[in-house]
Number of protein chains: 2
Amino acid sequence: MTSIKDIAKRAGVSISTVSYALNGSSKVTDETRSRILHIANELNYIPNAAARTLKKKESRILGVFLTDFKGDVYGELLDGMKEVCNSQGYDLIVCSGEQSHRMLPERMIDGAVILDHTFSSEELLKHAQRNHKIVVLDRELEHPNINQVLLDNKAGATLATEYLVEQGHKKIYVVTGPDDSFDSIQRMKAVNLVASRADDVEWIELPGDFKKSGGERAAERIIQEYTEPVAVFCLNDEMAIGLCNRLADTDFIIGEHVHLIGFDNIELSRYMQPRLATIDYSKRKWGALAAEQLIKIISGEAVEHERIYVTLVQGASVGRGPKRSKLYTN
Amino acid sequence: MTSIKDIAKRAGVSISTVSYALNGSSKVTDETRSRILHIANELNYIPNAAARTLKKKESRILGVFLTDFKGDVYGELLDGMKEVCNSQGYDLIVCSGEQSHRMLPERMIDGAVILDHTFSSEELLKHAQRNHKIVVLDRELEHPNINQVLLDNKAGATLATEYLVEQGHKKIYVVTGPDDSFDSIQRMKAVNLVASRADDVEWIELPGDFKKSGGERAAERIIQEYTEPVAVFCLNDEMAIGLCNRLADTDFIIGEHVHLIGFDNIELSRYMQPRLATIDYSKRKWGALAAEQLIKIISGEAVEHERIYVTLVQGASVGRGPKRSKLYTN
DNA sequence: TTGTAAGCGTTATCAC
DNA sequence: GTGATAACGCTTACAA
């Protein structure tokens, strides 16, 4: 591997002159610069990132941490982040898994965007304490070095629940996420609020996991307890799809016996028959904003926490209110 | 930031002793080791990755490069890679975009898995020439430092085309990927071979892009030229779905007027109505194998190119042969 | 304008 | 078993 030392030798100058030339410093004559550049090119010189990072104490790399790589929300979110990072001269790397937790403390990256519950809040606070910069997308965490860019879960869950109530539903199943999920807890709170404000609305919590399996299990319960048309709010689309899958094996009809709404508006939702009602938000913007905020706190700018707004997407999966339709089986 | 120097000072030993203790060398007494470890802990010592990488000339990080983060194939593929990497003490980072091309030559990572046509083959060969280790998933490239783990495109496209031919289809549209896509070119070759071997089969190439929009454009053409039921082989599922979308606005019925098969078996395909026929393969295994091969060539082991096998997934989207059904509109 | 030299935080070779 | 010390490749005062 050729280093600036080799270039210096070949050019008959010192390594510092080479370094200046390479970094476009004005301290060097155009002539020597072009000579050095030419030699560097000839020798196929490529700078060593580790050395630069070690010296400058920054890598110009940002990391985003995900619980896993599956998940339909991620694609656009990451592309949004990438765009902002690149436009600001940062590189973005996507990390997942236990090993990846080292990257921030070991200073491989200049900052982290967290959407990964395998990071504990204590862990994140500890990092923030050591002056590492962090943006959290999946929890509330207060620290000068931590910024929050959160979904407006409350608004979303309120929209969804009110939509069901407006359609005349009186019995609403709510399929939750994992117990420790911030999103799930927030959404539940809003459901509770709306339901308690409405007359005569009963809501039943069904424990879920934000995965298809959770929706399937919820479907089992609903089938068992079924007496009349019900409404179901799955706290994310993936569970809603799991629920549809399970119901597809039965004579229950979505939009008629089971009135269903999800959350996230993942791509699949568009293709469900009937179209899944859900809560939409711009994943791209979420990512872009997260990256922006991270870069700002790295640059020492003061920032406020941000919120990603959501909208209701109506869909035939919710149908037109309880029609008390007869079910042929069961 | 506390470094081994600080620990050495506090422990009253030299930095080399600290380094030995930290790295579990047997050259140090248990007593001093535990004392040092204790102090390191007390001072919240965390090693500096850049310094280690600079000195050891390896980062124990592997990179995988994607054209973009969208794409339904990636989730499982990446999880497969992550699993193998972590089990071998490597960390995995996912990269995309022009800036990310620096990571390999600048030695930020010990090796790269390429699934990204923004890397030219010349670029990759140049890296290989400089002793960087690479596994390619999206092209054929021969070099001692490059290993190929490729889909069996030929087998897949043959299975798909034969399936259509067996169902009695005589006119087959083939919607291709981008011109420079290795996968697309390989699949086309197989289609051509099967079609030319079969009596009386006509096939028409429709230029696509592996994205939904390509499928939509293909649908336009097919609608315009429609005279009798046709078969369509979209060279990936995403275009097949785009095609379905466009056709959903018409009276054409998939499986009846348009007999459709895709490639990839992405998750969405399961949820299409009717179920999309397609070519399946294990994305997780693909990723796992790629990571394995990369680690092997990094360790200096000799490896052979690998192939990922594929199977046919039948689906109602192909229907039961040309039934010459009447179309009400058009 | 260019050179000298220190230093970033490690690892590793060699003495002791 | 432990300690000096050089080296990894680069940036950046400071000196010339």
For a quick check of understanding: with a heavy-atom distance under 4.0 Å over all strands, which category does [X] fall into, base, sugar-phosphate or nothing?
X       : result
B:Ser16 : base
B:Ser19 : base
A:Lys27 : base
B:Ile46 : sugar-phosphate
A:Thr53 : nothing

Closest listed nucleotide, where the reference is the side chain of A:Thr29 and the choices are C:dC8, C:dT2, D:dT11: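 Closest nucleotide to the A:Thr29 side chain: C:dT2.
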Nearest whole angstrom, please: distance from the [atom2] of [N] to the [atom1] of [X].
X       : N      : atom1 : atom2 : answer
A:Ile15 : D:dA13 : CD1   : P     : 15 Å
A:Arg35 : C:dT1  : CZ    : P     : 15 Å
A:Met1  : D:dC10 : CE    : P     : 11 Å
B:Ile4  : C:dA12 : CD1   : P     : 11 Å

Do any side-chain nitrogens or oxygens of [X] fall under 4.0 Å of OP1 or OP2 in [N]?
X       : N      : result
B:Lys5  : C:dG7  : no
B:Asn23 : C:dT11 : yes
A:Lys57 : C:dG9  : yes
B:Ser3  : C:dG9  : no

Test log, rule side chain to side chain donor-acceptor pair (under 3.5 Å), inputs B:Thr17 and B:Ser14: CA-CA 5 Å; B:Thr17 305; B:Ser14 75; 3.3 Å; yes
Quiz item: B:Tyr20 side-chain donor-acceptor pair to C:dT10 base, under 3.5 Å: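 Such a pair does not exist between side chain and base.
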Distance-only donor-acceptor test (3.5 Å): side chain A:Lys55, base C:dG7: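 Answer yes: a donor N or O sits under 3.5 Å from an acceptor.
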Geometric class of the A:Tyr281/A:Trp286 ring pair [parallel <30°, tilted 30-60°, perpendicular >60°]: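 A:Trp286 and A:Tyr281: perpendicular rings.
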Enclosure of A:Asp180 CG (heavy-atom neighbours >12, cutoff 6.0 Å):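 Counting neighbours around CG of A:Asp180, more than 12 heavy atoms of other residues, nucleotides or ligands fall under 6.0 Å, so yes.
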Test side chain to side chain donor-acceptor pair (under 3.5 Å) applied to B:Ser181 and B:Asp183, step by step: CA-CA 5 Å; B:Ser181 159; B:Asp183 287 332; 5.0 Å; no
Closest-nucleotide ordering on DNA chain D, the 5'-leading residue of B:Arg33 and B:Lys56: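 Checking each residue's closest nucleotide, the 5'-ward one belongs to B:Arg33.
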Residue closer to the 5' end of DNA chain D, A:Thr17 versus A:Ala51 (nearest nucleotide):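 The residue whose closest nucleotide sits nearer the 5' end is A:Ala51.
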